[in-house]
Amino acid sequence: MPELPEVEAFKRYIERTSLERPVARMEIRNGVVIRGADRPSLIEAVEGSEVLSVRRRGKQLFLELSRGGWLTWHFGMTGRPVALERWDEEPRFVRVKFVFEHGSLAFVDPRMLGRIGLTARPERFIEERRLGPDALDITLEEFTTTFGASKGAIKAALMDQHKVAGIGNLYSDEILFQCRIDPRADARSLSEEDMRCMHQAMRRVLNMAISVGTDFERLPRSYLLRGRAVGSSCPRCGSLVSTATVGGRTAFFCPFCLDRKSFF
DNA sequence: TTTCATGTTCAGCA
DNA sequence: GTGCTGAACATGAA
């Protein structure tokens, strides 16, 4: 689920359901997802605290605790927060559960690639991990400087969280599709116009995904993301979309649109 | 049964 | 330091 728009949706969901509710008990069902903190200090920091605010940087979430410190949440590939009331049946794969007086907030993650930890300040965590600027905050100038100087495939660079935080496999495909750029193209080979297009498309695509509640069905018909599957056709020209491995992930793109780029 | 999956990290190599 | 590849993590879905 989680790239920037999904994590932004999770942030709003947590703000809507779980702010300022004292945590009576923290249940760690599976310690694998705990990183950057030992259990006792994590429980110590959480129990008796309430979440005062939530911040996001790229795919990373920070929950401010009333007794000091911040919880760090990363959702990996299959993680999501689920707010439960007393009468709700608990979903499968609850790894950590924050139990309030009434109800709870669960960290659900089948594959357990998500991580929960503790940090004194979000800024410190961001610095330690060398996370780049958030994809919705980075200026065109910063963007051009970063990607104009990066070597290798542009898709891999866009997914590099040190360069810009928040873009993953799916949204990088969409951004490049909208700019008719080959995901395998060397970043240094791209023009100023390409840079402008990517920066603009990045903001447009991420904001669009947020505005439709990350429901791909509700994205414009022109989006590659809606029918992203092997054997599907390009929403722009109708020809068969191709795949290629770039940056260790499967890239979807329309080779016909790339070929025609200079004609548009 | 086999392959792939919206992510990150690490080892090994260039 | 940068970049690339492959593997690992752990499990569900096709």
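Lettering of chains follows the sequences in order, A, B, ..., and the numbering in each one begins at 1.
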Atom [atom1] of [X] to atom [atom2] of [N]: distance rounded to whole Å?
X: A:F216; N: B:dA5; atom1: CZ; atom2: C1'; value: 13 Å
X: A:F75; N: B:dT8; atom1: CZ; atom2: P; value: 12 Å
X: A:D160; N: B:dG7; atom1: CG; atom2: P; value: 13 Å
X: A:R35; N: B:dT8; atom1: CZ; atom2: P; value: 14 Å
X: A:L113; N: B:dT6; atom1: CG; atom2: C1'; value: 11 Å
X: A:R249; N: B:dC4; atom1: CZ; atom2: C1'; value: 11 Å
X: A:L4; N: B:dT6; atom1: CG; atom2: C1'; value: 12 Å
X: A:L170; N: B:dG7; atom1: CG; atom2: C1'; value: 12 Å

> Which nucleotide of DNA chain C is the first, and which the last, in the 5' to 3' direction, to come under 4.0 Å of a heavy atom belonging to chain A?
Replying inline: C:dG3 to C:dG12
>> Please find the pair of heavy atoms, one from A:L84 and one from A:E89, that lie closest to each other, and give the distance.
In response: CD2-O, 4.0 Å
> 5'-most contact on DNA chain C: A:G248 or A:P110, nearest heavy atom basis?
Replying inline: A:G248
Identify whether any heavy atom of [X] sits under 4.0 Å from a base atom; if not, whether one sits that close to sugar-phosphate; answer base, sugar-phosphate or nothing.
X: A:R92; result: sugar-phosphate
X: A:F93; result: sugar-phosphate
X: A:A157; result: nothing

> Any donor-acceptor pair under 3.5 Å linking the side chain of A:E142 with the backbone of A:L140?
Replying inline: no
>> For the backbone of A:L224 and the side chain of A:E174, can you confirm whether one donor and one acceptor N or O come within less than 3.5 Å of each other?
In response: yes
>> Between A:F107 and A:F75 (judged by ring centroids, cut-off 6.0 Å), do the two rings come close enough to count as a pair?
In response: yes
> Between A:W73 and A:Y13, does the ring centroid distance fall short of 6.0 Å?
Replying inline: no
> Hey, are A:R67 and A:E44 close enough for a salt bridge, meaning a charged N less than 4.0 Å from a carboxylate O?
Replying inline: yes
>> Can you list, in residue-number order, the parts of residues 130-152 of chain A that come under 4.0 Å of DNA chain C, counting heavy atoms only?
In response: A:S150, A:K151, A:G152
If the cut-off is 4.0 Å, is [X] near the phosphate of [N], judged by side-chain N/O to OP1 or OP2?
X: A:K59; N: B:dG7; answer: yes
X: A:T250; N: B:dC4; answer: no
X: A:R111; N: B:dG7; answer: no
X: A:H74; N: B:dG7; answer: no

Check nucleotides 9-12 of chain B for protein N or O atoms closer than 3.5 Å to its own N or O atoms and list the pairs.
| from | atom 1 | to | atom 2 | distance (Å) |
| --- | --- | --- | --- | --- |
| B:dT9 | OP1 | A:R129 | NH1 | 3.2 |

>> Going by side-chain hydrogen bond (donor to acceptor under 3.5 Å, both in side chains), name the pairs with one or both residues in residues 97-109 of chain A, residues two or more places apart or in two chains.
In response: A:T78-A:D109, A:E90-A:K97
If you count the non-hydrogen atoms of other residues, nucleotides and ligands that lie under 6.0 Å from [atom1] in [X], is the total more than 12?
X: A:E141; atom1: CD; result: no
X: A:R29; atom1: CZ; result: yes
X: A:E127; atom1: CD; result: no

> With a cut-off of under 6.0 Å to the ring centre and 45° to the axis, is A:R56 in cation-pi contact with A:F10?
Replying inline: no
> Hydrophobic cluster mates of A:F62, side-chain heavy atoms under 4.5 angstrom, ILVMFWY only, any path?
Replying inline: A:W70, A:F125, A:I126, A:L131
> Can A:L206 be reached from A:F216 by stepping across I, L, V, M, F, W or Y side chains whose heavy atoms are under 4.5 Å apart?
Replying inline: yes
> For A:C237 and A:C257, is the interatomic SG distance under 2.5 angstrom?
Replying inline: no
> Do you see a donor-acceptor pair shorter than 3.5 Å between the side chains of A:R129 and A:Q60?
Replying inline: no
>> Please give the stem ranges for DNA chain B, sorted by first residue number, where a stem is three or more consecutive Watson-Crick or G-U pairs and both donor-acceptor distances are under 3.5 Å.
In response: B:2-5 with C:11-14, B:7-14 with C:2-9
